Trainee: 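Dropping a structure here in structure tokens format, bear with me for questions.
Treat the numbers as computed from the prediction; the structure is a model and nothing was measured. As a basis for the values below, the full set of heavy atoms in this structure was taken, side chains included, without hydrogen atoms, waters or symmetry mates. Remember, it's 1-based here, ligands and their atoms both numbered in the order they're listed.
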Amino acid sequence: MKQNVLGLQFDNVTMQEAIRCGEQFLEGDKPAVVVTPNAEIAYDAAQDPTFCELLNGADLILPDGAGVVLAAKLRKTPLKEKVAGIDFATNLLPVFARRGTRLYLLGSKPGVAEQAAQKMCQLAPGLVICGTADGYFQQEAPVIDAINAAKAEALFVCLGAPKQEKFMFAHRPELQTVRLMAGLGGSLDGFAGNVKRAPKWMIRMQLEWLYRLCKQPKRLGRMMRLPKYLIKAVRGQ
Ligand code: UDP
């Protein structure tokens, strides 16, 4: 079931249900797109109808962060739970390993995707990573060719928003073997260990944003979109 939160049509699913959707996509016959807007991205979407429409074209829209879940509650269109992109990706890894799904990692600075691949294989033994590429390419066509040549079935696109969403929708028709692709922002940095996640107690207390802010103070400007998003949710526009 969909839940409209300030224009974005979030899927009202638990993590387990999201993973089941992901598995269904793998059995489909076209590349499905998964997007994971956090409050900052959702705020941008609320300001920009074109971006909002682009995101709403996804097959699965997951609420990445406590801010979106809170906004949904304030709008009286509650969502079951936060389904963070990196957690969604982590939970998919054993599914891929069990099924033999070929996973391609795209994004982040040179070397990061390879480091992330190593960590992912430790998390899910038997995982098949069929290729990696950094996210600082000049031309997109060779990237698509490489993904097709690797016969990737799952693709993690980690270029930051809105670049990754534009990339996925623009190239969906050219991807020959991909059945599931997900825009996951800085997740490869997370897997590689370059950007540490908050301690478990902070995640539990919905304070991951505070941890990120302390670690990367230059995020303050963009993080100001979180309170603006919540104010919008209270006002309803
Ligand atoms: N990135 C990239 N290519 C670009 C711009 C950014 O691969 O042209 C990567 C960047 O290295 C980082 C990720 O995209 O790994 C964006 O991370 P950020 O935490 O800013 O994204 P968010 O998840 O907040 O959208």
Side-chain angles (χ1 to χ4, degrees), residues 8 10 33-48 51-52 54-55 58 60-69 71 82-90 92 103-120 129 131-144 146-147 152 155-171 181-198 203 206-229:
L8 268 186
F10 282 96
V33 174
V34 182
V35 295
T36 61
N38 59 14
E40 296 165 9
I41 295 164
Y43 178 75
D44 287 347
Q47 301 287 93
D48 176 354
F51 184 41
C52 188
L54 184 80
L55 290 171
L60 188 63
I61 309 186
L62 300 174
D64 178 309
V68 175
V69 175
K82 167 176 107 174
V83 186
I86 189 163
D87 297 329
F88 176 66
T90 305
L92 278 174
L103 172 63
Y104 196 102
L105 306 177
L106 172 66
S108 291
K109 302 209 173 92
V112 176
E114 290 76 10
Q115 277 176 289
Q118 269 187 6
K119 291 282 164 59
M120 286 176 176
I129 307 270
T132 54
D134 71 74
Y136 295 85
F137 41 85
Q138 299 303 318
Q139 288 177 337
E140 300 189 346
V143 178
I144 301 300
I147 296 167
L155 173 64
F156 288 170
V157 186
C158 304
L159 307 172
K163 194 173 174 182
Q164 61 200 15
E165 287 79 16
K166 288 182 178 162
F167 181 93
M168 290 193 289
F169 285 108
H171 297 293
M181 58 180 147
L184 297 169
S187 294
L188 292 182
D189 293 312
F191 280 110
N194 297 343
V195 177
K196 294 240 174 326
R197 284 199 82 182
I203 296 179
Q206 321 282 16
L207 290 174
E208 192 162 15
W209 60 273
L210 180 61
Y211 180 85
R212 281 186 124 191
L213 184 58
C214 294
K215 285 276 174 187
Q216 296 169 277
K218 64 172 194 282
R219 291 180 78 100
L220 180 64
R222 48 188 282 194
M223 283 184 78
M224 283 314 290
R225 286 179 286 173
L226 171 69
K228 285 185 190 161
Y229 179 62

Trainee: Taking all atoms of both residues into account, what is the closest heavy-atom pair of Leu55 and Leu8, and its distance?
Mentor: CB-CD2, 3.7 Å

Trainee: Where is the tightest heavy-atom contact between Gly107 and Leu188, given as atom of each residue plus distance?
Mentor: O-CD1, 3.6 Å

Trainee: At a 4.0 Å threshold, what atoms of ligand 1 neighbour a non-hydrogen atom of Gly107?
Mentor: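 Listed by number with element: 7 (O).
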
Trainee: If you measure from each heavy atom of Leu188 to ligand 1, is any distance below 4.0 Å?
Mentor: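 No, that is not the case, since the closest heavy atom of the residue is not under 4.0 Å from the ligand.
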
Trainee: Any donor and acceptor pair, going by atom type alone, linking the side chain of Glu140 with main-chain N or O of Phe167 inside 3.5 Å?
Mentor: no

Trainee: Report the nearest protein non-hydrogen atom to atom 21 (O) of ligand 1: residue, atom name, distance rounded to 0.1 Å.
Mentor: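 The protein heavy atom lying closest is Gly186 N, 3.7 Å.
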
Trainee: Note the single closest protein heavy atom to atom 3 (N) of ligand 1, along with its residue, its atom name and the distance in Å.
Mentor: Gly135 O, 2.8 Å

Trainee: Taking the six-membered ring of Phe191 as reference, does the NZ or CZ atom of Lys196 fall below 6.0 Å from its centre and within a 45° cone about the axis?
Mentor: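 Relative to the ring axis of Phe191, which defines the angle, Lys196 lies outside at least one limit.
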
Trainee: If you draw a 6.0 Å radius around NZ in Lys215, do more than 12 non-hydrogen atoms from other residues or ligands fall strictly inside?
Mentor: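 Counting other residues, nucleotides and ligands, NZ of Lys215 stays at 12 neighbours or fewer.
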
Trainee: How far is atom 11 (O) of ligand 1 from the closest protein heavy atom, and which atom is that?
Mentor: Tyr136 OH, 2.9 Å

Trainee: Nearest to atom 12 (C) of ligand 1, what protein heavy atom do you find, and at what distance?
Mentor: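 Its nearest protein heavy-atom neighbour is Asp189 OD2, 3.4 Å.
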
Trainee: If you count the atoms of ligand 1 from 1 in the order shown, which ones are under 4.0 Å from a heavy atom of Arg219?
Mentor: 19 (O), 24 (O)

Trainee: Over all heavy atoms of both residues, which pair between Tyr104 and Ala146 is shortest? Give the atoms and the distance, please.
Mentor: OH-CB, 3.7 Å

Trainee: Please identify which atoms of ligand 1 are closer than 4.0 Å to at least one heavy atom of Lys163.
Mentor: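 Going through ligand 1 atom by atom, the ones under 4.0 Å from Lys163 are 4 (C), 8 (O).
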
Trainee: Determine the interplanar angle of the Tyr229 and Tyr43 rings, folded into 0 to 90°, and report it as parallel if under 30°, tilted if 30 to 60°, perpendicular if over 60°.
Mentor: perpendicular

Trainee: Whether the side chain of Arg225 engages the backbone of Arg222 through a donor-acceptor N/O pair (distance < 3.5 Å, no angle test) should be reported.
Mentor: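 Yes, the answer is positive, given that a donor and an acceptor are paired below the 3.5 Å cut-off.
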
Trainee: How far is atom 13 (C) of ligand 1 from its nearest protein heavy atom, and which residue and atom is that?
Mentor: Gly185 O, 3.7 Å

Trainee: Can Lys82 and Glu208 be counted as an ion pair, charged N to O under 4.0 angstrom?
Mentor: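 Looking at Lys82 and Glu208, the cut-off is met.
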
Trainee: Measuring from the heavy atoms of Gln216, does anything fall under 4.0 Å of ligand 1?
Mentor: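 In this structure, Gln216 fails to qualify as a contact of ligand 1 - no heavy atom is under 4.0 Å.
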
Trainee: Among Leu155, Leu159, Val33, Leu54, find the residue that satisfies the side chain to side chain contact (heavy atoms under 4.5 Å, CB included) test when tested with Met168.
Mentor: Val33

Trainee: Look at atom 7 (O) of ligand 1 and say which protein heavy atom is nearest, naming residue and atom and giving the distance to 0.1 Å.
Mentor: Ser108 N, 2.9 Å

Trainee: Examine ligand 1 and decide if any of its atoms is less than 4.0 Å from a heavy atom belonging to Arg222.
Mentor: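 Within the 4.0 Å threshold, so yes.
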
Trainee: With a 4.0 Å heavy-atom cut-off (strictly under), which part of Cys158 contacts ligand 1: side chain, backbone, both or neither?
Mentor: backbone

Trainee: Would Asn38 count as a polar contact of ligand 1, with the cut-off being nitrogen or oxygen pairs under 3.5 Å?
Mentor: no

Trainee: Identify, for atom 25 (O) of ligand 1, the protein heavy atom at the shortest distance, and state residue, atom and that distance.
Mentor: Ala161 N, 3.7 Å

